[in-house]
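This report concerns only the one structure given below.
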Amino acid sequence: MIGTFAVTGMPQWRVSAFIENNIIVFKTIWEGLWMHCIRQANIRMQCKVYDSVLALSPDLQASRGLMCAGSALSFLAFMVAIIGMKCTRCAQSSWQAKGYIILTAGLLFVLSGAVELIPVCWVANTIISDFYNPVVNTAQKRELGEALYLGWVAAFCLVAAGAIFCSFCRCCEKTRSYGYSAPAQCPTHSQDSHRKTESSYSKSQYV
């Protein structure tokens with residue numbers, strides 16, 4: 001969840017590429033979802049928020065909405081997971097309700113990871129296509145930024161967390177089904193043995 005928030009706000013989605021005649025290495029350009037930054041000689045950095053959303057490329061426009069949706073879904077999944085924990089006590093809560101809550105949290109985690117993976121892969125595909133496109137000017141070519149790598153890691157963690165929650169919910173249901181069957185048989189067996197002992201004592205005393 002924290003990684004998703006960080007990727008959404010980071011400007012390092014597109015980084016300037018130093019290839020061919022573009023040898024101005026003391027100037028680095030970062031392009032993100034909300035702003036673009038220029039860093040000179042690793043000392044001074046200036047950032048400016050985009051003046052208009054319509055001026056952005058279609059992939060960045062769609063990535064804004066998808067990353068915001070992914071952040072909201074990851075936060076919602078985190079809150080639902082807290083409610084479904086064993087240590088959380090709610091009024092009139094049962095183990096079955098806890099299992100459904102954990103399953104809901106797992107599905108939300110998987111959904112948030114998939115939603116985050118779409119814009120990250122889309123922007124990465126656009127960068128790679130423009131990089132190998134001879135028609136695109138060299139000064140306009142970009143490389144993959146740190147935010148994209150962090151986005152892949154965060155999406156993988158969200159999907160993995162969702163899978164763990166879903167599998168944990170199924171394991172809990174199996175454990176509860178086995179746990180409830182044992183106590184139902186034990187009292188019957190003990191009562192039958194107790195009755196048999198009483199009947200045997202009564203017959204011996206009668207003889």
Side-chain angles (χ1 to χ4, degrees), residues 1-17 28-40 42-51 53 56-90 93 97-128 142-172:
M1 182 188 66
I2 296 175
T4 304
F5 291 155
V7 172
T8 305
M10 288 176 63
Q12 293 95 337
W13 281 65
R14 295 178 173 179
V15 182
S16 57
T28 305
I29 301 175
W30 295 342
E31 296 178 1
L33 300 179
W34 312 98
M35 65 183 70
H36 66 276
C37 300
I38 298 177
R39 189 173 184 180
Q40 298 178 354
N42 295 328
I43 298 175
R44 183 180 179 184
M45 183 174 63
Q46 294 179 348
C47 296
K48 181 181 179 182
V49 181
Y50 294 121
D51 297 330
V53 181
L56 298 176
S57 57
D59 55 346
L60 291 182
Q61 291 181 13
S63 298
R64 274 191 175 189
L66 290 173
M67 288 304 300
C68 291
S71 301
L73 286 173
S74 62
F75 179 76
L76 180 61
F78 179 74
M79 298 304 295
V80 173
I82 291 178
I83 298 174
M85 291 296 174
K86 284 185 178 181
C87 57
T88 305
R89 299 280 182 183
C90 298
S93 62
K98 290 278 188 179
Y100 288 136
I101 294 174
I102 290 295
L103 180 61
T104 303
L107 294 176
L108 287 174
F109 272 121
V110 174
L111 181 60
S112 62
V115 171
E116 180 181 358
L117 195 61
I118 293 173
V120 173
C121 293
W122 189 358
V123 173
N125 183 36
T126 304
I127 294 173
I128 294 173
R142 298 290 183 262
E143 291 184 354
L144 304 178
E146 293 85 354
L148 298 180
Y149 296 102
L150 182 59
W152 280 316
V153 174
F156 174 77
C157 291
L158 289 173
V159 174
I164 292 173
F165 273 105
C166 292
S167 61
F168 180 75
C169 172
R170 299 189 58 151
C171 292
C172 288

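Salt-bridge check for R64 with D59: failed, with every basic side-chain N at 4.0 Å or more from each acidic carboxylate O.
Within the model, atoms SG of C37 and CD of Q12 stand 7.5 Å from one another, a figure rounded to the nearest 0.5 Å. Interatomic distance, OH of Y50 versus CD of E31, reported as 5.0 Å (0.5 Å rounding). To the nearest 0.5 Å, atom CG of residue L108 and atom CG of residue L103 are 9.5 Å apart. Note: R39 CZ to W30 CH2 = 4.5 Å, rounded to the nearest 0.5 Å. S74 contributes atom OG, which lies 10.5 Å from atom CG of L111 (distance to the nearest 0.5 angstrom). Annotation: the span from L66 atom CG to W122 atom CH2 amounts to 7.5 Å, rounded to 0.5 Å.
For the residue pair A6 and L150, the shortest heavy atom distance occurs at CB-CD2, 4.1 Å. Among all heavy-atom pairs drawn from L33 and S63, the shortest one is CD2-CB, 3.6 Å. Here the closest heavy-atom approach between residue G113 and residue A155 is recorded as O-CB, 3.7 Å. When every heavy atom of W34 is checked against every heavy atom of G9, the shortest pair comes out as CD1-CA, 4.3 Å. Considering every non-hydrogen atom in both S112 and L158, the closest pair reads OG-CD1, 3.7 Å. Residues M35 and C47 approach most closely at SD-CB, 3.9 Å, considering heavy atoms.
Side chain of W13 to main chain of V7: a donor-acceptor pair is present (N/O by atom type, distance under 3.5 Å, no hydrogens or angles). In this structure, S16 contributes its side chain and I29 its backbone to a donor-acceptor pair below 3.5 Å.
Between V159 and F109 the shortest side-chain heavy-atom distance does not fall below 4.5 Å. R142 is not listed as a side-chain neighbour of T126, based on a closest heavy-atom distance of 4.5 Å or more. Looking at heavy atoms from C-beta onward, F165 lies out of side-chain contact with L107 at the 4.5 angstrom threshold. Considering only heavy atoms from C-beta on, V15 stays 4.5 Å or farther from L144 through its side chain. A heavy-atom distance below 4.5 Å is not found between the side chains of T8 and E116.
Enclosure of atom CZ in F78 is not indicated, since only 12 or fewer non-hydrogen atoms of other residues, nucleotides or ligands lie within 6.0 angstrom.
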